[in-house]
Structure formats: C-alpha cells, structure tokens
Visitor: 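Here's a structure for you.
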Amino acid sequence: MEKKVRVRFAPSPTGPLHIGGVRTALYNYLFAKHYNGDFILRIEDTDQTRLVPGAEEFIYDSLKWCGFEPDESPLHGGPYAPYKQSDRKPIYKTYAEQLLNSGKAYYAFDTPEELENIRKNFEAEGKTFIYNQETRLNLNNSLTLSNEEVQKKLQNHENYVIRLKIDGNEDIEFQDLIRGDVKFNKLQVDDKVLLKSDGMPTYHLANVVDDFLMKITHVIRGEEWLPSTPLHILLYQALGWEEDMPKFSHLPLLLKPSGKGKLSKRDGDQLGFPVFPLSWKDPKTGEKSSGYREEGYLPEAFVNFLVFQGWNPGTEQEIFSLQELSKIFSLEKVHKAGAKFDIKKAVWFNEHYLRCASHERILPLLKEELKKTDWLVSDENLLKAFFLMKNRISFHKELFTKGKFLFQEPDHFDWNTIEKKFHPNILSILTKIHDKWSIQNEWKSEILEIDFKELVENFQEKLGNVLPLLRNALTGESSGPNLFEIAVFLGKFETIKRIFSFIETLNQKFTYKY
RNA sequence: GCUCCGUUCGUCUAGAGGUUAGGACCCAAGAUUUUCAUUCUUGUAACAGGGGUUCGAUUCCCCUACGGAGUACCA
C-alpha cells in the first residue's frame, strides 16, 4: 500500500512570512490535497537568537487568510505533537548521541572565533575553508583529542558542538521531483554542525529528525535548500532511515522584478508592492510594511496570482479556486527557473475577482472599509454603489476614494473640462433640468435620461457638451459610471441639491466673463 | 573563487525533434459606450550565442555568455 502523502511547511519565525514562503506553503498545501494527504505546519524556531515576537502569530494568520488550513500544527495539534521545534529539544539530543555512539558524528570544541580566523586565513590564500575529512584532523575535536581530554572538556562543561562525520569521495545522487537527477560530491559536503553549543539542533538535524518522526513523504521547499540536500540524505543514511527518506522537490525562487537576486523582505515598499501577505510592524524598529490583505487584495486573487509564479496547469485556463487547483496541481508542472515578480498580473487577478464577487462575498469587506469613514450607508446602498463602480476599480476599498461622490457632495470639480465646455446656454440647460427634475416623480434612470435628452435637443446642443457639466455637478468628475444611474443612486433630493449648488458655483465663477 | 541550479515575447508562461512558436498581463489600435471603465476584435513582441547529433532542432549533447542559489554553532 502506498504511504499516505504527508508534507510540511516549516517556516522559522525570524520575521514576517514573506510571499515566497506563502507560495511554498501553497504548493505544499495543493500537493497534499491533491493526494488527499496531510498538510503540516511545523515551526522551526531552533535559532533562539533570531526569534521575532509576533512572527509565529503572523504565520498562522497568513495561512488562515490564504485559506491553507494545516491539518496539524502547533495550533491545531495532531498525532505527532509537539510541532514546534523548541518544544522538541530533548528528541534531537537523543539522535545526536545515537550518531555519536555509532561513530557517525563527533564532538568539536573549536570556538566560533577560532573557526572564523581559519576561514579568514584560507580566504587570504584564495581558498575556501571547509570543515571536513581533509581539515578536521588539524582541528580541535574528539577525532584529534585523546579520550581523556575529551572527557575532561565535557566534564568542565566546555562548549562543544556535534558534527556529522562525512567520509569518502563518492557522488551523492538523488531524484528531485522538479529538477530531475542532481548530484553532489561528498568532498564538497562539510561536517555540518548537528547540535549547537546551546543544545539546540541546527536546521539540518531538526529537519531530518522531524520529517522522519512525522512521517513526511515529500519535502517541497525553496531552491536555497538544494545544496544542503546531500547532507540531509547522508543524515538519513547515518540514522538508518534511508528506507523512509522523503522525496525532495526544490522550488524555483521568486526574484526581484529586476531579476537581480531573490525577492527579499527588504524590497518591501521600496518597489511599490507588498512582499508580505499581511501588514507587519517590526517590533524593534517600529517600521511598518504593507500587506496584500491591507492593500485590498482578495485572498482568492492573491492565491490565484501566486500559484502562477512558477507553475501552470498546461492549459489556457487561468482562473482557479483553491479547490480546483488542488485537483490539477502537480509538481511536474513547476517551472525550474526563478520567476521575476510582476505585480501587474496580481492587480488584474484582483480586478477579475472583484467583478465576479457575489453580494455575500463583498459586503463584509465593504462594511469593514466603511468603518474607516464617517459615512452612514445602508448595506443595500453599499452594494448598489459597489455595482456602480466595480468595473472601474482594482480594489474594493477604492469604492470609497474613486467613488467618494456617491457618499458625499463633490469637494472639487474638473475645471479644465468645465472651462472648455462652458457656455451660457449650458447654464440655462442645467437650470431647466434642475427645474424639470424637481417635479419629476418617476425617479428612474431611463426617465431621467429622456428628460435630459429632450432638453438638450430643444436647445440644439450636443449631448457631449452638456453631459460633462451635469456630471461635474453630481460627481465633480468628467467621467464615470452612467450618470442617470448615479442620479438614481443619489436620490432626487440630493441630485437636485447638487445641481443647484453647482449652478451657483458656475454663476459665481463665470458671471464676470459674460 | 568553488559547487550546484537555471536561460522561450518587457513580465508570467505553453511547447517535451517536423507548430504560421500558443495563451495571459502590459502596451497600442479599432468597435460598443453621452464620458470613463467594462466587454469584444486586432496588432506589436521571444527560442542568449556558438558548436555538434539528426533528413530535420526551441526541443537531445557539449562549450561560452549571462542570471540565480549555496558556501555559518541562520534558516
């Protein structure tokens, strides 16, 4: 029987989860769901010095917003709990000792400063220092020290790390589900630190141990891990878990729009688009970064956009729900090369989802935005306003900026256009329409349109000369949604009021000229 | 430097020896629209370069160039 597919997303809470991480989570989620498998969230907080308060929360909130609920996580629990590596500390030590006892690992007492010095010296000679079978015999470790010396150091509580002992010069080959055959030579793999001097494991040990214990079948992670995969394989072998080794897949990176380097946290708002799913305030510096959610992206648009950065279905369909994606997602369709990030497509996706949004979908979001204003608008009117504006906005919150005139009298006019079109005749037409509409009891857009067109015809004016003025009266703009529908939305009282005050304004501005 | 990975329109990508190299975004033009937007139609635009292999290479191999990643007691 095939093993049940189990994948994990294993971020470390050293800062806000960024968009590349979200995509990794997305691909993991889709892969798991495609095979009816489990999607596990594991928090990799083994570097106690880099923990950032709030970062872990941020991960939960981000996944939730995107709609990738983990089957198991520190929050959800699960059969292999705990899911936070700092809570698993003793486990790693056991396995590190197992390796020590079987001669597959050794103690090393070199201090970070000593190693740094050696690295510098090597660099000065144009060489790279690697702590491996070629150099370790000149260093301070249990392979070079006598047993008594080692015991003494341990008893004195001298700082030590445990390193994996790698011997031989064979190639380590493996099948990457995205990249195909990949091989590295053992000589290039260094005797990596497994257990740090603070007793915490490094990523490599913790990762392998947890993936094994949590019965992970597929490791889907960023390309930055490709070079350390041979080390992980060696670790599986050293621990005797080769049979249960997961399959590896390395995702292409998300690159800066310039293509120079991977999209990083620092790019943030400098480039004019968010790199985080949610907004984030740095607890140390207080620096704020924008998020897709706060910018007004709908999560379904964000996810749909993101899935295409490095993957495609092989068909020409582009609009997919998360559920549809999980049906058709496959790792073979993941591109190998990094994708330069282009926000324009994301905006397009948002516009698309906005235009298709149902009342139920959009109303809560609109109400949330409405709270930021001091306008009182009924749900019904909010929706009416949205449907009036939705074809000309990219984000729902723009309803309250680009469609401001729907909720309050215009606070500005497009004088450029007004001055071009203005003519005393037009003032008369505006006055007439004001009078006519004042006694119009059937307040429907078709009727209002007929009223207006008749008047314009009587004056032998062109529609295009008068309409922009009337539009300015109602909206302060020279273009926008159907004007008569706007009038209906505003209601008779408000419409007439705005026309009246616009006539006053025009009178004040132009009387001296004529 | 060394190791590994990669390279199709400006961008995201389809393509898995024989295609007028397809789609989407962007941009431009036209139609519709009182305007703007939407929608529809059309257009511009790509196989990094050089060698092989082959009757035939975007597709397979090699080299070069370019790009990326890794090279920590960080993940």
Side-chain angles (χ1 to χ4, degrees), chain A residues 10-15 44-47 49-50 85 108 110-112 115-116 119 122-123 125-131 159-163 176 178-180 182-185 187-190 192-204 206-207 221-230 250 252-253 255-257 259-262 305 308-319 333 335-349 351 355 389-393 402 417 449 452-453 456 462-468 470-471 477-484:
Chain A
S12 90
T14 53
E44 310 229 330
D45 57 345
T46 53
D47 187 348
T49 64
R50 293 204 308 155
Q85 291 184 328
D110 321 88
T111 66
L115 291 174
E116 202 178 314
R119 279 201 184 89
F122 266 69
E123 218 170 292
E125 289 177 46
K127 287 188 270 182
T128 308
F129 170 72
I130 305 179
Y131 204 123
N159 275 346
Y160 68 87
V161 299
I162 297 175
R163 286 182 183 271
D176 185 291
I178 293 169
R179 280 149 213 285
V182 183
K183 71 177 175 190
F184 289 85
N185 192 281
L187 283 169
Q188 286 134 215
V189 186
D190 59 337
K192 268 274 181 304
V193 170
L194 264 20
L195 206 72
K196 300 184 270 193
S197 56
D198 65 356
M200 274 291 186
T202 57
Y203 169 86
H204 304 102
N207 199 254
R221 70 218 318 189
E223 190 186 338
E224 66 269 28
W225 295 110
L226 191 55
S228 45
T229 304
H250 294 274
L253 263 14
L255 271 21
K256 296 176 199 288
K260 304 261 181 206
K262 64 175 172 179
F305 160 71
F308 275 93
Q309 298 286 312
W311 171 90
N312 78 90
T315 65
E316 284 176 4
Q317 186 181 345
E318 296 209 270
I319 302 298
K333 283 276 173 196
H335 214 236
K336 291 190 187 84
K340 291 188 197 114
F341 198 81
D342 182 13
I343 196 66
K344 288 207 179 116
K345 196 94 181 230
V347 175
W348 178 80
F349 272 112
E351 288 168 347
R355 276 152 210 167
M389 289 298 293
K390 71 170 179 178
N391 282 342
R392 50 207 96 220
I393 55 179
K402 290 190 174 165
T417 305
E449 187 169 349
F452 183 74
K453 282 185 173 164
V456 173
K462 279 186 190 162
L463 210 54
N465 284 336
V466 195
L467 215 78
L470 182 61
R471 182 178 290 283
E477 312 276 345
S478 299
S479 63
N482 183 297
L483 193 52
F484 305 101

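Letters A, B, ... mirror the listed sequences (proteins, then strands); counts begin at 1.
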Visitor: Testing the 3.5 Å rule here: is there a donor-acceptor pair between the side chains of A:Asp110 and A:Tyr131?
Guide: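 A pair is found: one side chain offers a donor N or O, the other an acceptor, under 3.5 Å apart.
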Visitor: Hey, could you give me the OG1/CZ distance between A:Thr128 and A:Phe122, rounded to the nearest 0.5 Å?
Guide: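 One finds 9.0 Å between OG1 of A:Thr128 and CZ of A:Phe122.
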Visitor: Supply the atom-to-atom distance A:Asn207 CG to A:Gln85 CD, rounded to the nearest 0.5 angstrom.
Guide: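 Between atom CG of A:Asn207 and atom CD of A:Gln85 there are 7.0 Å.
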Visitor: What does A:Asp190 touch in the nucleic acid at a heavy-atom separation under 4.0 angstrom: a base, only the sugar-phosphate, or nothing?
Guide: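 Counting heavy atoms under 4.0 Å across all strands, no contact is made by A:Asp190.
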Visitor: Taking OP1 and OP2 of B:U38, is either one under 4.0 Å from a side-chain nitrogen or oxygen of A:Arg355?
Guide: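 Checking A:Arg355 against B:U38: no side-chain N or O falls below 4.0 Å of OP1 or OP2.
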Visitor: Calculate the interatomic distance between A:Met389 atom CE and B:U38 atom P; express it in whole Å.
Guide: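 Distance, rounded to whole Å: 13 Å.
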Visitor: Check every atom of B:C5, B:U3, B:A75 against the side chain of A:Gln188 and return the nucleotide holding the closest atom.
Guide: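 Nearest to the side chain of A:Gln188 among the choices is B:U3.
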Visitor: For a quick check of understanding: with a heavy-atom distance under 4.0 Å over all strands, which category does A:Pro112 fall into, base, sugar-phosphate or nothing?
Guide: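 The residue A:Pro112 makes base contact.
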Visitor: Looking at B:A37, which nucleotide sits across from it as a Watson-Crick or G-U wobble partner, both distances under 3.5 angstrom, or is there none?
Guide: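 By the stated definition (distances under 3.5 Å), nothing pairs with B:A37.
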Visitor: Nearest-nucleotide wise, let me know which of A:Arg119 and A:Asn482 is further upstream toward the 5' end of RNA chain B.
Guide: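 The residue whose closest nucleotide sits nearer the 5' end is A:Asn482.
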Visitor: List for me each residue that meets side chain to side chain contact (heavy atoms under 4.5 Å, CB included) alongside A:Lys256, sequence neighbours excluded, and say none if there are none.
Guide: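 Testing A:Lys256 for side chain to side chain contact (heavy atoms under 4.5 Å, CB included), a comparison that skips the adjacent residues, returns A:Ser258, A:Ser264, A:Asp267.
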Visitor: side-chain hydrogen bond (donor to acceptor under 3.5 Å, both in side chains) with A:Ser197: which residues, sequence neighbours excluded?
Guide: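 Residues passing side-chain hydrogen bond (donor to acceptor under 3.5 Å, both in side chains) with A:Ser197: none at all.
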Visitor: Examine B:C74: is either OP1 or OP2 under 4.0 Å from a nitrogen or oxygen in the side chain of A:Ser12? Give yes or no.
Guide: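 Checking B:C74 against A:Ser12, no side-chain N or O comes under 4.0 Å of OP1 or OP2.
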Visitor: Could you let me know what B:C25 is paired to, Watson-Crick or G-U wobble, both distances under 3.5 Å, or none if it's on its own?
Guide: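 Paired with B:G10.
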Visitor: Considering heavy-atom distances to RNA chain B, does A:Val193 or A:Arg179 have its closest nucleotide positioned more toward the 5' end?
Guide: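 Here A:Arg179 is the residue nearer the 5' end.
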Visitor: For nucleotides 62-70 of chain B, read 5' to 3', which letter fits each nucleotide if B means a protein heavy atom sits under 4.0 Å from the base, S means only the sugar-phosphate is that close, and - means neither?
Guide: -----SSSS
Visitor: Of the nucleotides B:A24, B:C73, B:C74, which has the atom closest to the A:Ser197 side chain?
Guide: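 So the side chain of A:Ser197 is nearest to B:C73.
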Visitor: From the set B:C25, B:C4, B:U38, return the single nucleotide nearest to any side-chain atom of A:Phe184.
Guide: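 For the A:Phe184 side chain, the nearest candidate turns out to be B:C4.
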Visitor: Under 4.0 Å, heavy atoms only, any strand: does A:Lys390 hit a base, just the sugar-phosphate, or nothing?
Guide: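 No contact.
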Visitor: Between protein and nucleic acid, restricted to nucleotides 8-14 of chain B and to nitrogen or oxygen atoms under 3.5 Å apart, what atom pairs and distances do you find?
Guide:
residue : atom : partner  : partner atom : Å
B:U11   : OP1  : A:Lys340 : NZ           : 3.2
B:C12   : OP1  : A:Lys340 : N            : 2.7
B:C12   : O2'  : A:Phe308 : O            : 2.8
B:U13   : OP1  : A:Gly310 : N            : 2.8
B:U13   : O3'  : A:Asn312 : ND2          : 2.9
B:A14   : OP1  : A:Asn312 : ND2          : 2.8
B:A14   : OP2  : A:His335 : NE2          : 3.0

Visitor: Under the side chain to side chain contact (heavy atoms under 4.5 Å, CB included) test, which residues partner A:Gln317, sequence neighbours left out?
Guide: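 Side chain to side chain contact (heavy atoms under 4.5 Å, CB included) check on A:Gln317 returns A:Thr315, A:Phe320, A:Glu324.
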Visitor: Among the nucleotides B:C74, B:U38, B:C73, which one has an atom lying closest to any side-chain atom of A:Asn391?
Guide: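 Looking only at side-chain atoms, A:Asn391 lies closest to B:U38.
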Visitor: Within the structure shown, what part of the strands sits under 4.0 Å from A:Leu483 by heavy-atom distance: base, sugar-phosphate, or nothing?
Guide: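 Base, at least one base heavy atom under 4.0 Å.
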Visitor: Scan the side chains in residues 335-345 of chain A for donor-acceptor partners under 3.5 Å anywhere in the protein, sequence neighbours excluded, and list what turns up.
Guide:
residue  : atom : partner  : partner atom : Å
A:Asp342 : OD1  : A:Lys344 : N            : 3.3

Visitor: Does a side-chain N or O of A:Lys196 approach OP1 or OP2 of B:C74 to a distance below 4.0 Å, or not?
Guide: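 Looking at the OP1 and OP2 atoms of B:C74, one of them is under 4.0 Å from a side-chain N or O of A:Lys196.
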